[in-house]
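Written below as structure tokens is the structure these notes are about.
Order of appearance sets the numbers: ligands from 1, and atoms from 1 within every ligand. FYI, side chains are in, hydrogens and waters are out, and symmetry mates aren't considered; it's all heavy atoms of this structure.
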Amino acid sequence: MSAIESVLVENRVFPPPEAAVRGARIAGMAAYEALCQEAERDFEGFWARLARENVQWTKPFTRTLDESNAPFYKWFDDGELNASANCLDRHVGTPVENKTAIVFEADDGAVTRVTYKELLARVGRFANALKAQGIRKGDRVIIYMPMTIEGVVAMQACARIGATHSVVFGGFSAKALNERIIDAGAVAVITANYQMRGGKELPLKAIVDEGVAMGGCDSLKSVLVYMRTPTACNMVAGRDRTFDEVLQGQPDACAPEAVNAEHPLFILYTSGSTGKPKGVQHSTGGYLLWAKLTMDWTFDLRPDDVFWCTADIGWITGHTYVAYGPLAAGATQVIFEGVPTYPNAGRFWQMIERHKVTIFYTAPTAIRSLIKAAETDAAVHPKQSDLSSLRILGSVGEPINPEAWMWYHRNVGGERCPIVDTFWQTETGGHMITPLPGATPLVPGSCTLPLPGIMAAIVDETGKDIPNGAGGMLVVKRPWPSMIRTIWGDPDRFRKSYFPEEMGGRLYLAGDGAVRSADRGYFRITGRIDDVLNVSGHRLGTMEIESALVAKTDLVAEAAVVGRPDDLTGEAVCAFVVLKRPRPVGDEARQIANDLRNWVAKEIGPIAKPKDIRFGDNLPKTRSGKIMRRLLRSIAKGEAITQDTSTLENPAILDQLAERL
Ligand code: PRX
């Protein structure tokens, strides 16, 4: 085995501590295997049982899975339910009713608490306000909100009246917002005047105005504005109203609208391998089942837990493990408005101590940046905080490197908390491959084994199984309830992106490479195999960034974007650019690179800013004109080119592109 391979093989194994196994919902591997076998033996019966036990149906389903129009699968499709009723009303008359649902900590440290009963009233009242605006079942509503209780209320209120929400992360640009309003045909935007992050007041409503002014938003009738801060913002007469105005006189009670299990609960845009983001459409019944069940299984949720998922509601993690899952499961959860480094990089650890968090779920990028901070400033080291309340740790969004895993395990988990490294995607709706805290022996850097009922496998390009130990493409062989239903308005793209004909048209292609260990069959995700990048756990399409760059038509002739490994952000964006003017050097090059970075931030959002920009007279192309991205990836990494460059039209260009600014 070569030296490079051997560092990738991880042989440390951490069996679940006795305390984690005791009383666990899935206690021990035999219990896990029994569930897997139940799913193998009677796939539909398994899911039907879970759907009956975990979801409250206003009309029970009689059909579990309809595969007649595969890959457009339907689950529980003659059943009816309401997602908000399943998160709130279900707890009425139970001990959960008076339990704290949300502990909200604002950027400035102010803490607000709401009980389940209070949350139900707030959601009901807001739902009535939406109805008074003329918003109806099936309408699409864009939510462009900061992390607040109001953000969750807005999502729940849409669900309550059967409106399909589409949350846009508060860091996305006016242009991104404009495209999403148009694509979704949204009738309303729910936003805030400003958001508070790291002590700064950042505009949201102004970005909505800018986005709408870009044109094409003919479907849009109203903009509802939460006044997060006292600062006034522009209000368009007849279109814009504050929350106070629309809530005025609305009663708390709002009967939940029963919808079909397949009714689209939400659309969430994510990056794919073309320039246009995909509107991932999720169902109500299947999605909710998995949100609730994975809370119970993956986090082994118990009645007195305090759950904290640090993800923003603008991402899928914030949908499933902030807005829906914890509420459906009756958990107390922490919601945090701010950033992990304000007022100092010990904020997460201080908050865990303050709120006695028992389950903490965050992204490897956050962990890596807090490791760096703790190494340079002992005052923000986790050991300065009392983290003894913690019971389970989670990781999500990108591969966690074994060093970061070990640090998390030692310094945050005190070597007693299992780490659940959860692999999943916007499209999967909830966890797919993850350890179970009371059962699975952990291996750092591995998401271990699929949840019961999730038929994950690794195959080659033709869909044939690959033996353990060899790398291939990650697929899921059978549908599962919380899977993506379609791409909003583009069923053809759905089929082609996820169920390629070359593999027989029935395997769900995740878009990730993976390998299973020879000994345990554990999965390790090796990264995307398509043109999708993962920067700080945020998903970005290389083509999206390329389109943004070439949209600067006065300056840019051509651009190619690739990812390169980065110690802190996992991957970093590297752009190779050909200008419509002679190749710049020195200060001029640095200035133009900076302008282009800001341009990309305006086109997509600051998260998409290229870290590296290199200028060339041309890009490396084959004689037929195809850009050789393979070479660009090597250059971006700073590797010597060892690949065959004989098919290259212009080999001299490589040295030029290797020059850093
Ligand atoms: O590449 C995988 C990576 O994130 C991608 C999905 O991104 P997104 O749809 O934004 O959802 C992120 C939150 C679920 C995947 O295709 N990814 C996610 N979780 C992991 C991961 N890679 C390795 N390990 C994980 N635990």
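Looking at atom 9 (O) of ligand 1, its nearest protein heavy atom turns out to be T426 OG1, 2.5 Å. Atom 23 (C) of ligand 1 has as its closest protein heavy atom P399 N, 3.2 Å. Of the protein's non-hydrogen atoms, the one nearest atom 16 (O) of ligand 1 is D512 OD2, 2.4 Å. Scanning the protein heavy atoms around atom 19 (N) of ligand 1, the nearest turns out to be G397 N, 3.2 Å.
No part of C447 comes within 4.0 Å of ligand 1, judged by heavy-atom distances. Residue R528 touches ligand 1 through its side chain alone, judged by heavy-atom distances below 4.0 Å. The part of T422 lying near ligand 1 is the backbone, judged by heavy-atom distances below 4.0 Å.
Counting only heavy atoms from C-beta outward, the side chains of V600 and L549 approach each other to under 4.5 Å.
Looking only at atom types and distance, the side chain of T294 has a donor-acceptor partner in the side chain of Y321 under 3.5 Å away. A donor-acceptor pair shorter than 3.5 Å cannot be found between the side chains of R520 and N468. At a cut-off of 3.5 Å, with distance as the only test, no side-chain donor of Y324 or N86 sits close to an acceptor on the other residue. When only modelled atom types and interatomic distance are considered, T462 and E502 share no side-chain donor-acceptor pair under 3.5 Å.
Checked by atom type and distance alone, the side chain of T274 pairs as donor or acceptor with a backbone atom of K276 at under 3.5 Å. Using modelled atom types, one side-chain atom of N54 and one backbone atom of L50 make a donor-acceptor pair closer than 3.5 Å.
By heavy-atom distance, the residue among E398, R539, Q425 lying nearest atom 20 (C) of ligand 1 is E398.
Note: no N/O pair closer than 3.5 Å links T317 and ligand 1 by distance alone. Between N534 and ligand 1, at least one pair of N/O atoms sits closer than 3.5 Å.
Residue I525 approaches ligand 1 through these ligand atoms, each under 4.0 Å from one of its heavy atoms: 22 (N), 23 (C).
Applying side chain to side chain donor-acceptor pair (under 3.5 Å) to R485 and the options E262, Q281, E427 leaves one that passes, E262.
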